[in-house]
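Down below is the structure, laid out as structure tokens.
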Amino acid sequence: MSNFSKVVLKKGKEESILRFHPWVFSGAIDRIEGSVEEGDVVTVHASDDRFLGIGHSSIGSIAVRIFSFKDIVPDLSFWCEKMQSAFNLRQRIGLTSRKGTNVFRLVHGEGDGMPGLIVDFYNGTAVFQAHTVGMWLMRDLIAESMKVVLGDLLTAVYDKSAKTLPFKASIESVDGYLLGGLTTREVMEDGNRFIVDWEEGQKTGFFVDQRENRKLLSEYAFGKDVLNMFCYTGGFSFSAMQGGANLVHSVDSSAKAIELTNQNVELNFPGDTRHEAFAADAFDFMKDINNKYDLIILDPPAFAKHRSALNQALQGYKKLNARAIQQIRPGGVLFTFSCSQVVTRTNFREAVFSAAAISKRNVRILHQLSQPGDHPISIYHPEGEYLKGLVLYVE
Ligand code: SAH
């Protein structure tokens with residue numbers, strides 16, 4: 001038995017942990033034996049002292065995030081085993097050898113049994129993003145485990161946790177390289193090239209999670225007039241161009257995003273006049289798009305970051321989708337997404353249903369989309385499902 005402080009649960013509160021759910025809520029705790037600070041490793045026990053798991057403690061309603069249900073020591077060999085398991089999955093789904101692709105998510109938090117940790121792999125550079133102090137404190141060990149598992153595939157590890165660590169934690173985190181340094185920023189996804197700015201960009205620099213949905217979009221794009229709303233680095237725009245779109249308009253409220261999109265267009269389709277990018281607010285831009293587009297993509301940022309904002313978020317999705325459904329050309333196809341974790345698949349579908357009802361048009365669902373395999377969902381942790389999408393045919 002290890003020497004970490006012990007978190008002992010109230011009687012009966014071990015049930016969810018026995019079913020491998022990795023979160024211990026503060027209300028389930030009876031007592032803590034020993035002293036615990038934010039980020040410390042603790043062991044979790046049932047009221048009869050049975051060992052349940054080992055994890056990182058944090059301030060807040062989720063008091064412990066379990067990273068092992070076995071009584072292990074979280075040393076290099078433990079993290080190597082975890083990292084190997086994560087890498088094996090990416091290998092098994094073909095991402096480490098996919099033609100024209102050198103970007104994928106290597107670690108997806110709870111989905112990979114590493115709650116609080118996100119790692120995206122960008123053509124040799126792993127961007128490490130800790131969402132808990134516990135994971136951040138182990139950054140050097142985890143970076144080392146990546147080197148062991150990925151070998152020569154890995155040239156650098158960049159820590160980008162300063163903005164994602166809980167603000168209550170009184171630690172000073174400065175972003176920077178844990179291993180190696182800057183080599184290249186250029187990545188490729190299904191043959192499209194992107195410059196990824198992990199230092200300044202949103203999230204880890206790129207939205208890896210839309211890869212399969214972008215691929216599907218390219219199949220709908222031939223000869224079409226396309227609007228890519230919330231384009232960020234332009235991912236969906238290039239899929240549309242690759243698929244033979246007639247015209248592509250990319251829109252984002254961030255001028256920086258528009259700059260990135262234009263830069264990436266030049267990289268992939270130099271001098272191609274089919275594409276134009278606009279820095280504008282989505283709701284404004286969509287006031288007057290009647291009959292202008294055959295294919296519209298709506299991939300907004302998470303409208304609800306917390307449960308308290310759910311209703312307002314659903315109104316936002318309804319309004320946005322209503323504008324698109326009302327104005328898309330007859331026979332148009334709409335790719336619409338929600339990446340808010342608190343918005344369930346049913347919530348989202350209802351919001352889009354309400355939007356369709358306002359338009360009174362005949363709307364059929366062609367596809368129900370989700371997150372790809374490198375963003376796995378642990379079957380024991382359904383909260384890990386966050387990306388939801390619908391592809392609609394609007395008559
Ligand atoms: N579809 C993108 C990811 C979108 S992320 C991809 O595949 O990579 C969400 C984007 O929405 C961000 O770039 C953000 O700048 C933009 N955004 C946020 N609010 C907006 C608004 N009101 N109008 C337009 N764009 C907005």
Side-chain angles (χ1 to χ4, degrees), residues 101 103-105 118 120 122 127 163 185 187-190 192-198 200-218 220-221 226-243 248-265 267-268 275-289 295-305 309 312-313 315-324 334-341 343 369-372 374-375 386-391:
T101 301
V103 40
F104 56 86
R105 177 154 291 189
I118 295 296
D120 284 336
Y122 294 118
V127 178
K163 288 205 188 93
R185 292 184 184 287
V187 306
M188 221 200 294
E189 180 191 87
D190 288 330
N192 284 321
R193 292 153 71 191
F194 294 88
I195 301 293
V196 179
D197 183 356
W198 41 81
E200 302 298 328
Q202 300 179 38
K203 306 270 169 137
T204 65
F206 184 67
F207 285 79
V208 189
D209 57 358
Q210 290 286 22
R211 180 184 50 247
E212 307 303 328
N213 303 330
R214 286 193 272 256
K215 195 166 179 216
L216 180 67
L217 180 97
S218 69
Y220 280 93
V226 183
L227 171 63
N228 179 14
M229 190 49 81
F230 309 97
C231 66
Y232 188 39
T233 58
F236 281 106
S237 305
F238 311 140
S239 305
M241 293 173 84
Q242 209 179 28
V248 178
H249 286 167
S250 303
V251 180
D252 200 290
S253 58
S254 145
K256 178 83 194 154
I258 294 304
E259 201 181 297
L260 280 169
T261 297
N262 281 330
Q263 193 183 358
N264 287 330
V265 172
L267 208 57
N268 293 288
H275 181 266
E276 210 175 327
F278 305 87
D281 174 75
F283 291 93
D284 284 347
F285 191 91
M286 292 179 79
K287 271 189 187 139
D288 181 24
I289 55 163
L295 183 54
I296 299 179
I297 302 107
L298 297 177
D299 183 25
F303 281 169
K305 295 237 157 63
Q312 210 186 338
Q315 288 304 318
Y317 288 119
K318 181 175 151 187
K319 192 170 153 196
L320 194 65
N321 282 281
R323 294 230 163 129
L334 172 65
F335 277 62
T336 181
F337 297 96
S338 161
C339 61
S340 311
Q341 192 158 359
V343 173
L369 306 178
S370 185
Q371 62 213 61
D374 53 341
H375 295 59
Y386 71 100
L387 185 61
K388 301 148 294 277
L390 291 170
V391 181

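Nothing here was measured: the structure is a model prediction, and the numbers come from that model. Note that these values count all heavy atoms, side chains included, but never hydrogens, waters or copies made by symmetry. Every number for a ligand or one of its atoms is a count from 1 in the order of the listing.
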Using distance only, find each side-chain donor-acceptor pair of residues 230-238 under 3.5 Å and give its atom names and separation, not counting sequence neighbours.
{"unit_1": "Y232", "atom_1": "OH", "unit_2": "Q202", "atom_2": "N", "d": "2.7"}
{"unit_1": "S237", "atom_1": "OG", "unit_2": "N228", "atom_2": "ND2", "d": "2.8"}
{"unit_1": "S237", "atom_1": "OG", "unit_2": "S250", "atom_2": "OG", "d": "2.6"}

Shell of residues surrounding ligand 1, defined by a 4.0 angstrom heavy-atom cut-off that is strict: Q202, F207, R214, F230, C231, Y232, F236, D252, S253, S254, A280, D281, A282, D299, P301
Donor-acceptor side-chain pairing of T336 and N321 below 3.5 angstrom: yes
Which residues share a salt bridge (charged side-chain N to carboxylate O under 4.0 Å, His left out) with D252, sequence neighbours left out: none
Side-chain donor or acceptor of Y386 paired with backbone N/O of Q371 under 3.5 Å: no
Residues which pass side chain to side chain donor-acceptor pair (under 3.5 Å) with N213, listed by chain and number, not counting sequence neighbours: Q210
Atom pair CG/CE of L267 and M188 - distance to nearest 0.5 Å: 9.5 Å
